[in-house]
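Just so you know, ligand 1 is whichever comes first in the structure, and atom 1 is the first atom listed for that ligand. Numbers for residues simply follow the sequence, beginning at 1.
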Amino acid sequence: MNPALPATRRRFLELAMRMDALRFGAFTLKSGRSSPYFFNAGQFNTGASLLALAECYADALAENGVAFDMLFGPAYKGIPLSTSLACELARRGRDLDVAFNRKEAKTHGEGGTLMGASVAGKRVLIVDDVITAGTAIREAISHIETAGGTVAGVVIALDRQEILDPAQPISAVDSVRNSTGVPVVAVATLADLLAFAADDATLQLHHDALLAYRSSYGSN
Ligand code: OMP
């Protein structure tokens, strides 16, 4: 067992493997890149696995000391993730507001793009699944700022540690950090997945493909 892999990261990767949320093969990403692995947070599809995932997010946040007043889950996958994190934080003694966006604005009833608690005047933590190029997170930031909130941080399960542009070898996560000035906390990264795969007999098969992908698109 790789002693360098911290407990929360290992726990998350074991959970993701158990729920089949990490798959290996050939996948086309939103960015158009062909990746030898894919993280599908939709596989956390039971109460127990969502709770275990929320514990990983809560531990990663506690380890990183981010200050925030409420949670925001970008549609769609961020909605169950932020909701289960809100439940876990309440269980730990912090009962916080939570809000989400709709992909399509509602024109009847209460209307609008956001639902849940108001973000106006609040320090908002975005809870999402994965960052590749950072497009989804930038959209979430814009929803919150348009509604009068301040983004206080971002927490994701997996940082794929990819560069946007070979001419600027900076990861998408670092680019979000630099352009917004807010902390981005990842439960685990591609580097953690590589350390985990090096130890695991069933994953060693994919280790070389992960390394090759990192040498093409990785930030380190
Ligand atoms: P960016 O917007 O490029 O940061 O990509 C994040 C989004 O890509 C996620 O919200 C997913 O819709 C999708 N995605 C995954 O879910 N898992 C992956 O491993 C990779 C991607 C992706 O397409 O890059």
Side-chain angles (χ1 to χ4, degrees), residues 9 12-45 49-50 53-54 56-57 71-85 100-104 113 125-145 151 153-166 168-180 182-194 196-197 203 206-207 209-214 216-220:
R9 291 165 188 256
F12 162 69
L13 291 169
E14 285 171 351
L15 173 69
M17 291 299 297
R18 205 161 56 242
M19 295 310 293
D20 211 15
L22 268 171
R23 293 207 182 146
F24 300 87
F27 304 90
T28 303
L29 304 185
K30 196 164 102 180
S31 58
R33 289 176 184 171
S34 174
S35 167
Y37 77 106
F38 193 80
F39 175 65
N40 179 6
Q43 286 297 117
F44 296 95
N45 53 14
S49 64
L50 280 165
L53 179 61
C56 294
Y57 278 99
L71 308 178
F72 180 88
Y76 296 102
K77 288 191 183 143
I79 296 178
L81 300 178
S82 57
T83 306
S84 35
L85 177 57
F100 325 100
N101 68 294
R102 300 176 198 278
K103 288 244 178 180
E104 286 159 28
T113 318
L125 178 77
I126 299 173
V127 186
D128 211 354
D129 52 353
V130 55
I131 290 184
T132 302
T135 318
I137 289 299
R138 287 181 198 283
E139 278 169 26
I141 292 172
S142 144
H143 284 303
I144 293 164
E145 290 180 346
V151 178
V154 177
V155 65
I156 51 170
L158 185 68
D159 172 5
R160 294 181 52 105
Q161 296 184 302
E162 294 191 24
I163 52 168
L164 299 170
D165 168 8
Q168 289 178 320
I170 171 173
S171 77
V173 160
D174 282 336
S175 161
V176 170
R177 282 190 187 113
N178 294 349
S179 62
T180 62
V182 304
V184 181
V185 172
V187 178
T189 63
L190 174 59
D192 298 323
L193 177 58
L194 277 161
F196 184 80
L203 290 185
H206 305 290
H207 196 254
L210 291 174
L211 280 176
Y213 185 76
R214 184 171 73 169
S216 300
Y217 299 116
S219 57
N220 52 14

Kindly assign one of parallel, tilted or perpendicular to the pair F12 and F39, based on the angle between their ring planes and the thresholds 30° and 60°. perpendicular
Within the structure, does S31 bring an N/O atom to less than 3.5 angstrom of an N/O atom in ligand 1? no
Under 3.5 Å, is there a donor-acceptor pair between the side chain of R102 and the main chain of A75? no
Test your reading of the structure: does I131 have an N or O sitting under 3.5 Å from an N or O of ligand 1? no
If we set the cut-off at 4.0 Å for heavy atoms, which region of R33 has an atom near ligand 1: side chain, backbone, both, or neither? neither
Among all the protein's non-hydrogen atoms, which is closest to atom 3 (O) of ligand 1, and how far away is it? A133 N, 2.8 Å
Would you say T135 has any N or O atom under 3.5 Å from an N or O of ligand 1, going by distance alone? yes
Can you check whether A136 has an N/O within less than 3.5 Å of an N/O in ligand 1? yes
Heteroatom proximity flag, G134 to ligand 1, N/O under 3.5 Å: yes
N/O to N/O below 3.5 Å, does that happen between L29 and ligand 1? no
Would you confirm whether D192, through its side chain, and T189, through its main-chain N or O, come within 3.5 Å as a donor-acceptor pair? yes
Indicate yes or no for a side-chain donor-acceptor contact from S171 to the backbone of D174 under 3.5 Å, with no hydrogens or angles considered. yes
Backbone or side-chain N or O of Y37 under 3.5 Å from ligand 1 N or O: no
Side-chain (N101) to main-chain (T113) donor-acceptor, under 3.5 angstrom: no
Side chain, backbone, both or neither: which part of I137 has a heavy atom under 4.0 Å from ligand 1? neither
Work out which heavy atom in L158 is nearest to a heavy atom in L190; give both atom names and the distance. CD1-N, 4.4 Å
Any N or O of N40 closer than 3.5 Å to N or O of ligand 1: no
